[in-house]
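Counting starts at 1 for both ligands and their atoms, following the listed order.
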Amino acid sequence: MEIGDSLLSLGLEEAASGLEELLSRATAEGWSFTQFLSEMLSRELSSRARGRETMLMRLSRLPQVKTLASFDFTCVPDLDPKVISELATLRFVHNRENVLFLGPPGVGKTHLAIALAVEAIRSGHKAYFTTLKEMIERLSRTGASARSLRALSSPSLLVVDEVGYLPMGPAEAHLFFQVISARYERGSVIITSNKGVGEWGEYLSDPTLAAALLDRFLHHCHVVNIKGDSYRLKEQSKSKAKKASQAKK
Ligand code: ADP
Ligand code: MG
């Protein structure tokens with residue numbers, strides 16, 4: 001059997017496809033056996049890491065890609081960048097801790113939640129993004145089946161976006177509680193909300209259940225309060241101002 005075929009049978013696809021090129025380079029440059037083998041294996045490993053990242057990105061259902069690099073901290077002077085860079089180390093994922101982003105609309109809560117999920121995926125963690133509305137609809141539809149609960153409890157990081165918008169009856173609140181309870185001390189959850197936790201009792205239409213949910217969720221949790229004006233509105237007024245000044249010219 002040819003070496004290329006053997007590599008393929010072993011599932012070393014990158015090594016197989018790059019074999020000819022690598023062999024001629026090794027011959028031309030007089031590489032040692034160790035050098036050749038090490039180069040071939042490191043190419044195979046990085047190709048696998050890339051493949052895994054692409055797969056994890058697809059499975060995560062992120063609505064779009066946002067990164068920490070594209071987050072402008074000068075727009076939110078009250079937010080300490082150190083808090084976010086500490087979260088970006090992903091220690092919270094390793095320690096199975098949670099993150100709560102609180103603040104009014106447009107201050108970058110979803111952006112930061114997505115960016116942390118992207119960081120987690122880049123480090124090889126499985127992450128899953130959902131809005132509370134989507135999550136509750138899916139759980140209600142499937143009668144909170146073991147399969148749908150597993151999909152929400154198996155990733156290392158679950159992002160539940162937009163807690164506070166969907167009106168919650170007792171049945172919905174109970175489903176939300178089930179998810180938080182299933183993940184408690186087993187995997188990280190990032191929640192974004194426009195409602196302070198003091199309002200959750202009323203929001204979840206059951207203060208006792210809300211207290212039990214918050215007790216678990218907040219036990220190991222980084223709470224990040226974001227104040228400020230909506231970035232969306234700022235961008236809009238900036239572009240309006242730009243148009244107006246162009247019109248004057
Ligand atoms: P929220 O979830 O708090 O309502 P988003 O994260 O959806 O807000 O932000 C609204 C839009 O503004 C998004 O397109 C987001 O990427 C952008 N945005 C918000 N804050 C910032 C920021 N500080 N730097 C760069 N983009 C931002
Ligand atoms: Mg949002």
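Looking at G108 next to ligand 1, an N or O pair under 3.5 Å apart turns up. The shortest N or O to N or O distance between C75 and ligand 1 is not under 3.5 Å.
Proximity to P105 (heavy-atom distance under 4.0 Å) selects the following atoms of ligand 1: 4 (O). Within ligand 1, counting atoms from 1 as listed, the ones closer than 4.0 Å to a heavy atom of D72 are 22 (C), 23 (N), 24 (N), 25 (C). Residue contact check: S70 has heavy atoms under 4.0 Å from atoms 24 (N), 25 (C) of ligand 1.
Nearest non-hydrogen protein atom to atom 6 (O) of ligand 1 is H111 N, 2.8 Å. The closest protein non-hydrogen atom to atom 2 (O) of ligand 1 is T110 OG1, 2.7 Å. For atom 4 (O) of ligand 1, the closest non-hydrogen atom on the protein side is G106 N, 2.7 Å.
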>> Let's go through R48 and E14 carefully: what are the C-alpha distance in whole Å and the side-chain angles of both, what is the deciding distance for salt bridge (Lys or Arg N to Asp or Glu O under 4.0 Å) to 0.1 Å, and is it a yes or a no?
In response: CA-CA 8 Å; R48 287 196 183 189; E14 178 71 21; over 6 Å; no
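Heavy atoms of K66 found under 4.0 angstrom from ligand 1 belong exclusively to the side chain. At a heavy-atom cutoff of 4.0 Å, ligand 1 is contacted by the side chain of Y231 but not by its backbone.
Among the atoms of T192, none of the N, O or S atoms falls under 2.8 Å from the Mg ion (ligand 2).
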